[in-house]
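All residue numbers refer to positions in the sequence shown, counting from 1. This structure is a prediction, so every number in the text was calculated from the model and none was measured.
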Amino acid sequence: MANIKTEDEIMLFEREMKEFWTKLKSIYGTEQINQTLALRDSCKESIKALSEKWSKKLKEGDLMIDKIQEYNNEILQQSQRMSEKQEHLTEIKSNLNHEEEQKKDLTDSIQELKEELVKKKEMISSKNKATKERVEQLCKSKALFEKRLGLEIRRIHNEQLQFIFRHIDHQDPDKPYMFTLSINEQGDYEVTSCTPPLDCIAEFQLKVRETNNFSAFVANIRKAFTALSYKQSA
């Protein structure tokens with residue numbers, strides 16, 4: 001009887017211990033699950049909050065990247081416009097330099113022309129002076145030529161002198177034999193006309209240029225007119 005009671009007590013204790021452990025496990029497991037679920041929910045909330053935060057950051061980053069790209073494009077366009085303006089300014093500067101060079105060349109050319117014109121005026125003035133002096137000298141010899149050679153000297157247009165010989169043709173003493181003389185640009189004697197024409201006039205002209213013996217030149221022309229007159233009368 002006593003053994004049965006002891007066994008029952010042992011079984012009861014074991015059952016109570018099993019129930020205790022079962023209950024303890026049940027309690028411990030529920031709390032653990034609840035803690036895990038709570039932790040999971042907390043993690044989900046944190047992850048969601050972080051996800052929203054980073055999503056916002058990413059959107060702001062995308063907007064910032066777009067803005068930076070827009071700024072870069074604008075800077076690139078401004079740089080291109082600056083480059084075009086710089087090229088235009090360079091072209092304008094080059095044109096201005098070219099115009100300055102042309103202006104300088106033109107000024108130099110004008111100055112050269114002025115100097116050349118002054119020289120030509122001085123040369124013309126000198127030639128005119130020399131021509132007038134020669135003509136005056138010839139006119140001074142007029143009386144001598146008229147007396148010795150029966151010569152009349154007339155001053156005609158363009159500072160030319162006309163020499164008229166008479167008393168050459170014995171059949172017609174008043175018949176004129178004449179030639180016209182001028183001073184050319186080189187300052188040399190030049191016969192511009194001869195009536196009647198003489199074949200030797202060019203030779204006489206060359207000789208007077210070489211010797212500058214004008215009296216002999218006029219005398220030789222008169223002799224040539226006289227010889228021509230005898231030849232025509234024969």
Side-chain angles (χ1 to χ4, degrees), residues 95-234:
N95 291 335
L96 287 175
N97 290 336
H98 184 62
E99 289 178 359
E100 285 294 328
E101 291 177 358
Q102 288 183 330
K103 182 179 179 181
K104 185 178 181 302
D105 292 340
L106 182 60
T107 302
D108 293 341
S109 297
I110 291 173
Q111 184 62 31
E112 289 177 2
L113 289 174
K114 285 182 177 180
E115 293 175 358
E116 186 177 352
L117 182 61
V118 170
K119 289 180 180 179
K120 285 186 176 180
K121 285 183 177 179
E122 292 176 353
M123 187 180 298
I124 291 173
S125 176
S126 177
K127 286 182 178 180
N128 289 339
K129 183 178 179 181
T131 300
K132 288 181 178 179
E133 289 176 354
R134 285 196 176 187
V135 170
E136 289 175 359
Q137 184 179 1
L138 293 175
C139 288
K140 289 179 181 179
S141 303
K142 178 180 178 181
L144 177 63
F145 289 136
E146 287 180 346
K147 181 178 179 181
R148 295 186 178 181
L149 303 175
L151 175 64
E152 178 185 357
I153 301 175
R154 297 176 182 175
R155 179 178 293 185
I156 59 177
H157 57 86
N158 295 330
E159 295 295 335
Q160 295 187 95
L161 293 177
Q162 188 178 60
F163 295 76
I164 305 171
F165 295 97
R166 301 183 189 277
H167 307 294
I168 290 179
D169 189 344
H170 297 288
Q171 297 178 1
D172 186 3
D174 291 330
K175 180 179 179 180
Y177 290 75
M178 69 186 91
F179 71 94
T180 303
L181 187 70
S182 67
I183 307 297
N184 61 22
E185 293 182 356
Q186 288 72 36
D188 296 326
Y189 293 112
E190 183 174 350
V191 177
T192 57
S193 67
C194 182
T195 306
L198 294 174
D199 295 335
C200 55
I201 196 69
E203 179 184 350
F204 293 160
Q205 178 178 269
L206 180 61
K207 191 170 184 178
V208 73
R209 290 179 181 178
E210 294 174 351
T211 62
N212 202 31
N213 189 339
F214 189 75
S215 298
F217 169 70
V218 175
N220 287 333
I221 291 180
R222 190 178 191 285
K223 290 178 181 179
F225 278 142
T226 302
L228 179 63
S229 173
Y230 282 121
K231 184 178 179 180
Q232 290 175 346
S233 299

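For the atom pair CG of D105 and CD of E100, the computed distance is 11.0 Å after rounding to the nearest 0.5 Å. In this structure, CG in N158 is found 13.0 Å from CD1 in I183, a value given to the nearest 0.5 Å. Atoms CD and OG1, from E190 and T180 in turn, are 11.5 Å apart once rounded to the nearest 0.5 Å. In this structure, L151 CG and I164 CD1 are separated by 8.5 Å, a value rounded to the nearest 0.5 Å. Here the straight-line distance linking atom OG of S193 with atom CD of Q160 works out to 7.5 Å at 0.5 Å rounding. Remark: N184 CG to R209 CZ distance equals 5.5 Å, nearest 0.5 Å.
The two atoms that bring T192 and L181 nearest to each other are OG1-N, 4.4 Å, heavy atoms only. When all heavy atoms of N213 and V208 are compared, the closest pair comes out as O-CG2, 3.8 Å. Between L228 and P197 the shortest heavy-atom distance is CD2-O, 4.1 Å.
Other residues, nucleotides and ligands contribute over 12 non-hydrogen atoms within 6.0 Å of the CD atom of Q102. Under a cut-off of 6.0 angstrom, the local environment of CG in D108 is crowded, with over 12 non-hydrogen atoms contributed by other residues, nucleotides or ligands. Within 6.0 Å of atom CD in E203, 12 or fewer heavy atoms from other residues, nucleotides or ligands are found, so the atom counts as exposed in its surroundings.
Taking the charged nitrogens against the carboxylate oxygens, R154 and E152 do have a contact shorter than 4.0 Å, which makes a salt bridge.
Under the 4.5 Å side-chain criterion, counting only non-hydrogen atoms from C-beta, I156 is not in contact with L161.
With sequence neighbours excluded, no residue forms a ring pair (Phe, Tyr, Trp, His ring centres under 6.0 Å) with F204.
Remark: side-chain polar atoms of R166 are paired, donor with acceptor, to backbone N or O of D174 under 3.5 angstrom. The main-chain N or O of R222 is found under 3.5 Å from a side-chain atom of T226 such that the two form a donor-acceptor pair.
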Requested in this report: Please assess T195 against F179 for the test side-chain contact (heavy atoms from CB on, under 4.5 Å), listing each intermediate value before the final yes or no.
Outcome: CA-CA 6 Å; T195 306; F179 71 94; over 6 Å; no
**Report entry** Intermediate values then yes/no, side-chain contact (heavy atoms from CB on, under 4.5 Å), V218 and F165
**Finding:** CA-CA 10 Å; V218 175; F165 295 97; 3.7 Å; yes
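The aromatic rings of Y189 and F217 lie parallel to each other, their planes meeting at an angle below 30°, with 60° marking the opposite boundary.
Checked against the 6.0 Å centroid criterion, the rings of Y177 and F225 qualify as a close aromatic pair.
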